Protein chains: 2
Amino acid sequence: MNIGEVAKRVGLPAKTIRYYEDINLVRPFRDPNGYRVFTEKDLHKLTFLSRARALGFTIEKCRALLALWEDQTRASSDVKKIARAHLEEIDRKVSDLQSMRKTLSDLMRDCAGDDRADCPILSGLGEPR
Amino acid sequence: MNIGEVAKRVGLPAKTIRYYEDINLVRPFRDPNGYRVFTEKDLHKLTFLSRARALGFTIEKCRALLALWEDQTRASSDVKKIARAHLEEIDRKVSDLQSMRKTLSDLMRDCAGDDRADCPILSGLGEPR
DNA sequence: ATGGAGGTTCCACCAACTGGAAGGTCAAGC
DNA sequence: GCTTGACCTTCCAGTTGGTGGAACCTCCAT
């Protein structure tokens with residue numbers, strides 16, 4: 001299967017798939033004409049990557065997960081460990097964002113938002129904590 | 001004031017402050033010896049930047065906010081508009097993360113996490129939606 | 001044989017820094 | 001007056017995860 005068809009099926013841009021080959025996440029076969037030829041297994045791998053990336057796993061985490069995925073002798077605890085660490089990272093990000101949100105909305109609450117220059121948002125940002 | 005002292009006071013690495021000069025966010029004066037010399041106003045600006053960045057505003061948004069900050073004739077509504085857009089962006093990010101979180105924890109719930117190879121996380125990621 | 005839709009490589013760019021090398025400056029101590 | 005070490009300078013390269021574009025090749029239908 002050529003790259004365009006693969007791109008359509010897994011929902012990744014062809015450029016991204018080429019990039020994934022560049023960094024050795026997939027190794028499609030090459031046709032004598034130079035075109036990449038993808039097998040079902042490659043498709044499966046790319047689907048895996050696409051889903052894992054959508055969950056926010058970094059490329060390196062994806063690489064580790066992919067290695068486990070291909071290793072029939074892995075222990076599910078190894079996978080769960082990575083997943084758990086990632087879950088904790090997500091939670092950290094959420095709480096970071098929520099604390100930003102609170103600070104920002106506190107600043108906004110006091111801002112009239114009219115045509116006067118006085119603005120607690122700007123003055124709040126300018127002052128050291 | 002030299003860059004090291006400024007860095008300590010505003011809590012930004014010296015490298016970052018040099019970078020901010022590079023992209024014209026601050027324009028410290030230069031001593032005849034080539035050293036950057038920062039005024040109180042520069043300090044104030046850098047504090048502003050540090051706080052705004054900590055709230056997740058991009059550099060370009062910071063630049064816009066800084067311009068408003070320096071413009072005594074701005075309307076507070078202009079500031080609030082930027083802040084509101086940013087708040088919405090934060091909310092989008094939070095909900096993206098929460099949906100990732102749900103997907104991941106659903107996958108994890110079914111994974112035994114023991115020494116067996118069977119792992120619903122990996123099989124869940126490999127299958128198209 | 002020609003046109004257009006695919007494919008290929010390579011190079012440059014994005015954000016927002018960070019690390020490191022190579023070298024200049026300053027102040028203190030001997 | 002010289003050395004030492006902390007601090008400063010510039011410049012170049014690398015990070016993450018791609019994306020855009022140019023120049024060129026290949027395939028298929030007409």
Side-chain angles (χ1 to χ4, degrees), chain A residues 1-39 42-43 45-66 86 89-90 93 96-97 100, chain B residues 1-39 42-43 45-66 86 89-90 93 96-97 100:
Chain A
M1 199 182 306
N2 283 350
I3 200 166
E5 177 68 15
V6 174
K8 226 179 298 169
R9 290 220 207 165
V10 305
L12 287 173
K15 278 250 163 183
T16 299
I17 298 173
R18 286 191 198 103
Y19 171 67
Y20 287 170
E21 184 189 17
D22 249 36
I23 61 173
N24 290 316
L25 284 176
V26 275
R27 303 166 191 276
F29 172 78
R30 291 298 178 120
D31 213 62
N33 66 10
Y35 284 22
R36 289 168 183 83
V37 179
F38 296 82
T39 61
D42 292 325
L43 263 185
K45 254 177 154 175
L46 287 167
T47 304
F48 183 98
L49 287 168
S50 169
R51 298 257 287 141
R53 290 288 302 129
L55 285 175
F57 285 99
T58 63
I59 290 287
E60 288 318 305
K61 292 280 174 59
C62 287
R63 199 189 295 283
L65 286 170
L66 212 43
H86 188 51
E89 210 177 304
I90 290 176
K93 282 186 189 167
D96 282 0
L97 283 169
M100 284 184 204
Chain B
M1 197 182 309
N2 283 351
I3 199 166
E5 178 67 16
V6 174
K8 224 179 299 171
R9 292 221 205 163
V10 305
L12 286 173
K15 278 250 163 183
T16 300
I17 298 173
R18 287 192 198 102
Y19 171 68
Y20 287 172
E21 184 189 17
D22 250 36
I23 60 172
N24 290 315
L25 284 176
V26 274
R27 305 164 190 275
F29 172 76
R30 290 298 177 121
D31 213 61
N33 65 10
Y35 285 22
R36 287 168 184 83
V37 179
F38 295 84
T39 62
D42 291 325
L43 264 185
K45 251 177 156 176
L46 286 166
T47 304
F48 183 98
L49 286 169
S50 169
R51 299 256 288 138
R53 289 288 300 129
L55 286 175
F57 285 99
T58 63
I59 291 286
E60 287 318 305
K61 290 281 173 58
C62 288
R63 199 189 295 281
L65 286 170
L66 211 45
H86 188 51
E89 210 176 305
I90 291 176
K93 282 185 188 167
D96 282 359
L97 283 169
M100 285 183 203

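Hydrogens, waters and symmetry mates are skipped; everything else that's a heavy atom, side chains included, is used. Lettering follows sequence order; numbering is per chain, from 1. Note that the coordinates shown come from a computational prediction; the quantities given were computed from them, not determined experimentally.
- Between B/N24 atom CG and C/dA16 atom P there is a gap of 15 Å when expressed in whole angstrom units.
- Distances shorter than 4.0 Å separate some side-chain N or O of B/R36 from OP1 or OP2 on D/dT9.
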query = Can you give one letter per nucleotide of nucleotides 17-30 of chain D, going 5' to 3': B for a protein heavy atom under 4.0 Å from the base, S for sugar-phosphate only, - for none?
reply = BBSBB----BS---
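- To the nearest angstrom, P of C/dC17 lies 12 Å from CG of B/L46.
- Contact annotation for B/R18: base contact, defined as any heavy-atom pair under 4.0 Å involving a base atom.
- With rounding to the nearest 0.5 Å, the separation of CD in B/E5 from CG in B/L43 is 8.5 Å.
- Rounded to a whole Å, the CD atom of B/E5 is 14 Å from the C1' atom of D/dC8.
- B/K61 places a side-chain heavy atom less than 4.5 Å from the side chain of B/E89.
- The residue B/I3 sits close only to the backbone: its heavy atoms come under 4.0 Å of sugar-phosphate atoms, none of a base.
- Rounded to whole angstrom, the span from the CZ atom of B/R63 across to the P atom of C/dA16 amounts to 10 Å.
- For B/R18, the salt bridge (charged side-chain N to carboxylate O under 4.0 Å, His left out) test picks out no residue, with sequence neighbours left out.
- Side-chain contact check for B/D42 versus B/R27: every heavy-atom pair is 4.5 Å or farther apart.
- Nucleotide D/dC7 holds its P atom 7 Å from the NZ atom of B/K8, rounded to whole Å.
- Rounded to a whole Å, the CZ atom of B/F29 is 16 Å from the C1' atom of D/dT9.
- Of the possible donor and acceptor atoms, one in the side chain of B/N33 sits under 3.5 Å from a partner among the backbone N and O of B/Y35.
- In this entry the distance linking CD of B/E21 with P of C/dA16 reads 19 Å, nearest Å.
- The closest side-chain heavy-atom distance from A/V6 to A/R9 is not below 4.5 Å.
- Taking 4.5 Å as the limit, some side-chain heavy atom of A/F48 sits within range of a side-chain heavy atom of A/L66.
- Rounded to whole angstrom, the span from the CD atom of B/E89 across to the C1' atom of C/dA15 amounts to 13 Å.
- Axis angle across the helix from C/dA1-D/dT30 to C/dC30-D/dG1, with five pairs used at each end and values rounded to 10°: 30°.
- Residues A/R63 and A/I23 have side chains in contact (heavy-atom distance under 4.5 Å, counting atoms from C-beta outward).
- Within the 4.5 Å cutoff, the side chain of B/Y20 has heavy atoms near those of the B/I59 side chain.
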